[in-house]
Number of protein chains: 2
Amino acid sequence: MSDTPASIMLVDDHPLLRKGLKQLISLEDGLEVVAECSNGVDALAKAEELDPDLIILDLNMQGMDGLETLKRMRDNGVTSRIVMLTVSDADEDVVTAITNGADGYLLKDMDPELLLDQIQRAIEGKMVLSEAITEVLATALRRPSAPTASKLDGLTNREREILELIAKGMSNKVIARELDISDGTVKVHVKHLLKKLGLRSRVEAAVWMVNQDQ
Amino acid sequence: MSDTPASIMLVDDHPLLRKGLKQLISLEDGLEVVAECSNGVDALAKAEELDPDLIILDLNMQGMDGLETLKRMRDNGVTSRIVMLTVSDADEDVVTAITNGADGYLLKDMDPELLLDQIQRAIEGKMVLSEAITEVLATALRRPSAPTASKLDGLTNREREILELIAKGMSNKVIARELDISDGTVKVHVKHLLKKLGLRSRVEAAVWMVNQDQ
DNA sequence: CGCAAACTAACCCTTTTGGGGTAGTTTCAG
DNA sequence: CTGAAACTACCCCAAAAGGGTTAGTTTGCG
């Protein structure tokens with residue numbers, strides 16, 4: 001062990017969870033939480049400013065989500081080890097996270113003691129993955145590239161965004177106002193996303209999407 | 001204040017969140033966490049055994065969810081005050097929770113200090129609701145439509161049948177062939193069912209329906 | 001730098017959708 | 001028996017959706 005404690009930054013929009021995590025970490029010698037952020041934007045700034053040893057990053061956040069935050073951090077040259085922390089089930093996001101430079105992917109519902117172990121291991125430079133996750137990753141790697149992460153990945157950000165709005169029942173006009181673009185443009189995106197997904201109408205798209213995220 | 005501390009039971013399948021909550025509560029005089037459960041089944045047994053003053057119940061749990069647990073507790077004669085705790089946004093579940101006997105509905109992402117206040121108020125016998133929730137409840141009560149009876153019951157058999165096909169993404173023409181009636185007739189049924197459900201398009205209907213049967 | 005992709009927007013056109021109406025048949029409760 | 005409701009089907013019409021094209025701007029990559 002080194003003489004100075006390892007610095008850890010927490011990014012999660014749930015104050016309670018941050019509190020729990022911080023308290024858990026404080027129990028351990030050699031670990032110190034040097035910053036807490038509740039959103040991606042703050043996290044970006046803090047990460048560059050403090051350059052912590054480890055960043056624990058929530059995947060599901062309001063505004064800029066964890067994956068986006070991760071990507072931007074790496075783009076900005078942040079070299080801290082970054083571990084994604086996420087609720088519940090084995091997401092397909094794990095592949096995206098790893099390819100975008102995450103050093104680990106842990107589930108929030110794991111045993112606290114085990115979580116602490118994993119945090120230690122992450123700081124030591126190892127890649128840490130929850131049990132349930134390793135399988136997902138394994139099967140993902142077994143299939144070299146494509147079929148893993150659903151047809152959603154074939155869509156551009158805008159298309160995915162619009163698909164989500166369609167899945168809320170919105171019309172092109174409403175979506176246009178929501179995104180502040182013309183409804184003609186929305187139609188273009190809808191057209192493209194339908195073609196990419198092999199669907200024939202926005203209704204099919206809505207149903208598909210709603211069933212997609214259970 | 002009474003002389004013995006108020007007993008609190010935590011039910012949540014996230015150990016971390018339980019930890020954070022427990023730590024938060026321990027800071028407060030007069031409050032004591034007497035039990036923690038990670039699932040609904042355990043919670044049912046513990047609740048009857050310990051009869052705590054307050055049960056804090058996670059809405060989103062694996063297995064038996066919070067609402068089901070709540071209902072069964074009340075069915076079993078548990079008289080503890082029960083406050084639902086849930087992630088993020090203003091669900092419509094709040095109505096179900098309240099009608100099923102919940103004494104409060106709080107969001108996990110609220111400020112910890114405020115949460116503590118609310119817990120105190122709940123123990124004092126008050127109903128506690130997060131800011132965002134009061135609105136939902138208000139609008140829900142403003143429409144005394146049908147608490148449980150679902151708007152589906154207002155539809156005729158044919159309309160319900162067609163709604164289900166819409167929820168599979170089918171167009172009027174396809175539905176017509178499926179049911180062996182003219183597409184003009186399908187349009188009539190769609191028209192009626194949209195009106196009855198207060199929706200503005202088949203997309204909204206599809207989304208509503210898919211979300212309806214989980 | 002040059003090129004590809006994404007995003008934007010407009011044009012054209014056909015099909016689909018949804019709202020209004022009338023109207024015939026059947027079925028079922030009062 | 002009478003009447004209401006459901007189901008059927010058509011009419012008209014305006015709006016929305018979707019498919020095709022062209023085209024300008026920006027962004028990122030080699």
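Bear in mind that the values here come from a model prediction, so they are computed numbers and not experimental data. Below, chain A is the first sequence line, B the second, and so on; all start at residue 1.
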**Q** Between A:Glu124 and A:Arg121, is the closest basic N to carboxylate O distance under 4.0 Å?
**A** no
**Q** Is there a donor-acceptor pair under 3.5 Å between the side chain of B:Asp183 and the backbone N or O of B:Asn172?
**A** no
**Q** For A:Ile166 and B:Ile181, take the nucleotide of DNA chain D holding the closest heavy atom to each; which residue's nucleotide lies nearer the 5' end?
**A**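 The residue closer to the strand's 5' end, by nearest nucleotide, is B:Ile181.
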**Q** Charged N to carboxylate O below 4.0 Å: is that the case for A:Arg74 and A:Asp103?
**A**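 A salt bridge links A:Arg74 with A:Asp103.
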**Q** State plainly whether the residues A:Glu68 and A:Arg72 are in salt-bridge range, i.e. N to O under 4.0 Å.
**A**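 So A:Glu68 pairs with A:Arg72 through a salt bridge.
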**Q** In residues 167-175 of chain B, what residues come within less than 4.0 Å of DNA chain C, judged by heavy atoms?
**A** B:Ser171, B:Asn172, B:Lys173
**Q** A:His189 pairs by side-chain contact (heavy atoms from CB on, under 4.5 Å) with which of A:Leu179, A:Ile175, A:Ile162?
**A** A:Ile162
**Q** What is the distance, rounded to the nearest whole Å, between atom CG of A:Asn157 and atom P of C:dT8?
**A**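 Roughly 11 Å, once rounded to whole Å.
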**Q** Could you tell me if B:Asn60 and B:Thr86 have a donor-acceptor pair between their side chains, going purely by distance under 3.5 Å?
**A**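 There is such a pair (donor and acceptor under 3.5 Å, judged by atom type) between the side chains of B:Thr86 and B:Asn60.
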**Q** When you list every nucleotide of DNA chain D with an atom under 4.0 Å from a heavy atom of chain B, which one comes first 5' to 3', and which comes last?
**A** D:dA6 to D:dC10
**Q** Answer yes when A:Asp12 and B:Lys108 have at least one side-chain N-carboxylate O distance shorter than 4.0 Å, and no when they do not.
**A**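 No, no charged N to carboxylate O under 4.0 Å.
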**Q** Please confirm whether the backbone N or O of B:Ile166 pairs with a side-chain atom of B:Arg202, one donor and one acceptor, at under 3.5 Å?
**A** no
**Q** Without swapping roles, check the side chain of A:Gln23 against the backbone of A:Lys19 for a donor-acceptor pair under 3.5 Å.
**A**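 Looks like no, no N/O pair under 3.5 Å.
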**Q** Tell me which residues in residues 183-202 of chain B lie within less than 4.0 Å of DNA chain D, going by non-hydrogen atoms.
**A**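 Result for residues 183-202 of chain B: B:Thr185, B:Val188, B:His189, sorted by number.
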**Q** Is the shortest side-chain heavy-atom distance between B:Val78 and B:Ile55 below 4.5 Å?
**A** yes
